[in-house]
Amino acid sequence: MRHYFHGGIHPADGTDKLLSNQVPIRMYTPKSVEISMKQSPNSVCEAIVKVKDKVSRGDLIGKSVSFGSANIHASISGTVNDIKTIRDDWGRDIEIIVIEADDKEADTKRASNDYEQGLVDISSYTVETIISKMVEGGIIGMGGAGFPTHVKYETEEDIQYVLINAAECEPYLTCDHVLMKEYGYSIINGILLFIKAASAKKAILCFEDNKQDVAKDFEYIILKNDLPIEIRVLPTRYPQGGERQLVEAVMGMEVPAGKLPASIGVIINNVATAKALSDIVLGNEPLITRVVTVTGKVKEPCNYLVPIGTRFSELIDLSGDFKAKTSRVIDGGPMTGHCIQIGGTKEDLMLSVTKTTSGLLVLEDFTKVESPCIRCGECERVCPAGLAPFKIDYAAIENDIVLCEKLYATECISCGCCSYVCPAKRELAYRITEAKTEVFRQRQERSSKS
Amino acid sequence: MKLKVAEQLHDVSPHITMNRSTKEIMQDVVLAMLPALLGGIYFFGINSLILTLASVTTCLLSEYIWQKIRREQLTVSDWSAVVTGMLIAFNVPSTTPIWAVMVASVFAIVVVKQFFGGIGSNFANPALMGRALLMFLWPASISNYVTTYHNGADAISSATVLGLYKAGSDTAQFTKWDMFIGNIPGCIGETSVLLLLIGFAYLCYRRVVNLAAAGTYVLTVLLITFVFAKDGMFKGDILTNLMSGGLILGACFMMTDYASVAPRVKVVLSIIAGVVTAGIRIWGRLPEGVSYGILVANCLSGLIDTIIRPHIYGVGLKNNKR
């Protein structure tokens with residue numbers, strides 16, 4: 001039985017991914033890193049090191065203080081040179097730890113581990129040890145949302161399946177694709193650990209059909225070793241990799257509104273998270289590196305395996321500078337990524353790689369002018385949540401939050417499909433996301449009053 | 001909630017957009033109507049072109065002047081007024097006086113479109129409302145149908161095929177082939193099934209229109225007129241009903257019009273429009289019911305949209321447990 005998720009679009013023709021998915025991953029270790037204490041939108045950590053402290057690779061430097069956050073570790077060995085504070089969009093003060101490497105030799109490539117070369121025996125690990133390792137290693141979802149992984153596994157629900165998300169539906173991004181090409185065994189060992197941690201029946205590894213090559217490799221290993229992993233190749237469509245959409249496409253059922261996938265017996269993890277898990281459990285290395293796609297209008301698009309905290313300016317430099325006249329630099333993919341700079345040079349880029357940075361995309365800047373909605377209904381047709389984006393858009397402009405709530409603005413997944421197809425070029429996704437945030441804020445206010 | 005406005009929106013995601021704008025959609029529709037316009041000129045003479053130019057110009061000017069007076073954002077360049085103008089001319093016979101199409105154009109743009117908020121906010125198809133106004137105030141101005149030049153003689157007054165059919169007269173002088181290519185009396189843009197379908201095929205190829213809406217409408221009309229024919233049950237003339245009136249024009253270019261039909265419930269509205277159209281053709285005073293059928297559906301779109309609830313992901317699930 002084949003299932004499809006509702007709505008969706010084909011925002012690209014495949015050439016976008018070809019820019020960077022044929023090149024091997026390049027390793028790079030910078031001389032200094034800037035590690036933000038905010039690694040994903042909802043997680044703010046507290047720095048536990050001081051200026052002039054010596055740290056070595058893997059040392060804990062940021063401690064999780066809130067529910068949504070996870071530990072942060074030093075990604076290179078060296079000295080804490082500075083702790084800067086910046087204010088983010090929500091008005092929170094975020095500490096940024098600057099580490100200067102003292103000894104370059106210490107950070108050269110480690111010897112390859114056996115879990116990266118083949119299957120290893122994981123029978124000695126219990127559910128508790130794996131989950132405590134997740135906490136210790138600061139493992140968070142590396143697909144974008146950055147939800148701490150251990151929280152998913154501390155569920156009371158009976159978990160049947162672990163879905164491993166290898167859809168990578170965002171155009172341009174190829175970091176998961178190349179990771180699977182080069183770290184296949186790390187990922188498979190990680191998946192087996194996930195199955196164990198969830199006490200699940202099996203894992204389902206979900207690809208889109210533009211990654212047939214790696215799907216075949218994985219299938220070969222899985223069949224040869226008779227592993228409890230099922231391969232599912234789905235037709236390429238955005239936003240297939242959205243957690244809820246993936247459940248719909250693979251299982252043919254929907255996650256109830258306001259609940260986690262665990263409520264229907266499913267946990268979803270990204271492939272990069274699977275690699276991070278095997279790194280901490282089997283290799284004792286916390287989450288301090290990740291693969292970042294640098295692509296678009298740069299001279300040499302490529303994927304880099306870099307320590308967390310590597311400056312964006314260095315990544316652009318490695319890829320040979322901008323190729324666009326006025327470049328729009330995006331942290332993430334073109335559909336959901338956050339624009340961090342328009343115009344300017346690579347030296348102007350202030351931010352650095354976090355655990356959730358999947359890509360750094362450079363596009364030629366463009367201007368859209370909004371015109372009135374013509375009620376063509378395209379937004380409604382492509383909305384994976386089944387909403388009527390143009391109606392919520394009207395309500396949001398009128399500041400009618402009650403109406404936004406009635407129209408289920410809360411169920412928006414901010415995928416951007418509606419804005420993509422809109423012939424009137426309306427910024428539907430932006431306003432609906434704002435409306436969603438406002439509805440949640442007002443709900444919280446109401447519940448704190450009563 | 002504080003929302004970014006106009007130029008502040010420059011950096012919001014998504015950062016790629018589909019290569020299609022309102023203007024391109026409207027241009028596609030205009031392009032799709034050109035074959036039928038050329039057919040109208042061929043069959044009914046140069047007057048068809050003059051009327052079309054008059055209504056298009058009036059539509060553009062009235063939209064421009066209205067928006068200038070009201071100091072609104074100018075939307076004349078989006079080509080939607082051209083579509084409205086062409087549709088007005090398509091829906092009248094070639095003998096219509098110029099002043100009549102100009103009045104209809106001003107009414108369509110100013111009253112039906114701009115009074116209700118401009119493009120996308122009108123409650124009904126402006127062109128059809130323009131036609132309805134003429135039908136209501138000056139019915140004589142748009143009821144002088146003539147034969148085509150290419151029927152062997154000069155154009156002479158003639159009832160439409162549907163009119164003859166309704167009156168129970170003989171329609172044998174018009175062959176089915178004439179109906180298909182458009183060699184019959186009628187409105188400028190409605191007679192040639194062939195040319196309308198060429199345009200419609202282009203719109204389908206460009207994914208501008210909803211094939212299901214157009215198809216449902218046509219099928220509903222044909223089914224009902226076939227079943228409840230005046231000669232007895234199941235004796236209706238399907239081909240005459242299909243090809244001799246405004247059914248194809250209505251289905252291809254007006255039932256599928258965006259602004260007046262709520263997208264999600266298009267098919268339901270098509271059925272309603274079909275029932276009304278067929279009802280008028282069979283039991284009404286008029287031989288033709290396409291424009292009123294579509295207008296009724298337009299007016300009911302808000303209600304139907306409220307009655308038929310969409311399914312929201314994860315809301316109201318039953319038996320969702322494995």
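The candidate with the highest count of non-hydrogen atom pairs below 4.5 Å against chain B, out of A:Ala429, A:Gly386, A:Pro423, is A:Pro423. Chosen from A:Arg381, A:His338, A:Met335, the residue pairing most often with chain B at heavy-atom distances under 4.5 Å is A:Met335. Heavy-atom pairs under 4.5 Å with chain A were tallied for B:Met18, B:Gln73, B:His15, B:Glu24; the largest tally goes to B:His15. The candidate with the highest count of non-hydrogen atom pairs below 4.5 Å against chain B, out of A:Arg328, A:Glu370, A:Lys259, A:Lys368, is A:Arg328. Of the listed residues (A:Pro334, A:Gly377, A:Gly416), the one with the most heavy-atom contacts under 4.5 Å to chain B is A:Pro334. With chain B as partner, the option from A:Ile9, A:Ile413, A:Ile342, A:Leu361 having the largest number of non-hydrogen pairs under 4.5 angstrom is A:Ile342. In terms of non-hydrogen atom pairs under 4.5 Å with chain B, the most contact-rich of A:Ala396, A:Pro11, A:Ser371 is A:Ala396.
Among A:Ser419, A:Cys418, A:Cys422, the one residue that satisfies the side chain to side chain contact (heavy atoms under 4.5 Å, CB included) test with A:Cys379 is A:Cys418.
Of the two parts of A:Pro171, only the side chain, counted from C-beta on, holds a non-hydrogen atom closer than 4.5 Å to a non-hydrogen atom of chain B. Only the side chain of A:Glu378 comes within contact range of chain B, judged by heavy atoms closer than 4.5 Å. Interface residue A:Thr336: only backbone heavy atoms are found under 4.5 Å from chain B. With a 4.5 Å cut-off on non-hydrogen atoms, A:Phe5 does not touch chain B at all. In this structure, the portion of A:Cys373 lying under 4.5 Å from any heavy atom of chain B is its backbone and not its side chain. A:Arg244 touches chain B through backbone and side chain together, each having a heavy atom under 4.5 Å away. With a 4.5 Å cut-off on non-hydrogen atoms, B:Lys4 touches chain A through its backbone and its side chain both. Residue contact with chain A, scored on non-hydrogen atoms closer than 4.5 Å, involves the backbone and the side chain of B:Ile312 alike. Contact annotation for B:Thr75: only side-chain heavy atoms (C-beta onward) come within less than 4.5 Å of a heavy atom of chain A.
Salt bridge B:Asp28/B:Arg206: present, at least one basic N to carboxylate O contact under 4.0 Å. Salt-bridge annotation for A:Glu170 and A:Arg237: absent, with no side-chain N of the basic residue lying under 4.0 Å from a carboxylate O of the acidic one. Contact check on B:Glu63 versus B:Lys113 returns a salt bridge, with a Lys/Arg side-chain nitrogen under 4.0 Å from an Asp/Glu carboxylate oxygen. Using a cut-off of 4.0 Å between Lys/Arg side-chain N and Asp/Glu carboxylate O, A:Asp400 and A:Lys406 are scored as not salt-bridged. Between A:Glu434 and A:Arg431 there is no salt bridge, since none of the side-chain N atoms of the basic residue sits less than 4.0 Å from a carboxylate O of the acidic one. Ion pairing of A:Lys436 with A:Glu411 is absent here, as no side-chain N (NZ or NE/NH1/NH2) approaches a carboxylate O to less than 4.0 Å.
Checked by atom type, the side-chain pair A:Glu427/B:His10 shows no donor-acceptor distance below 3.5 Å.
Judged by distance alone, with hydrogens and angles left aside, the side-chain atoms of A:Thr437 form a donor-acceptor pair with the main-chain N or O of A:Thr433 at under 3.5 Å. A donor-acceptor contact shorter than 3.5 Å links the side chain of B:Thr306 to the backbone of B:Gly302.
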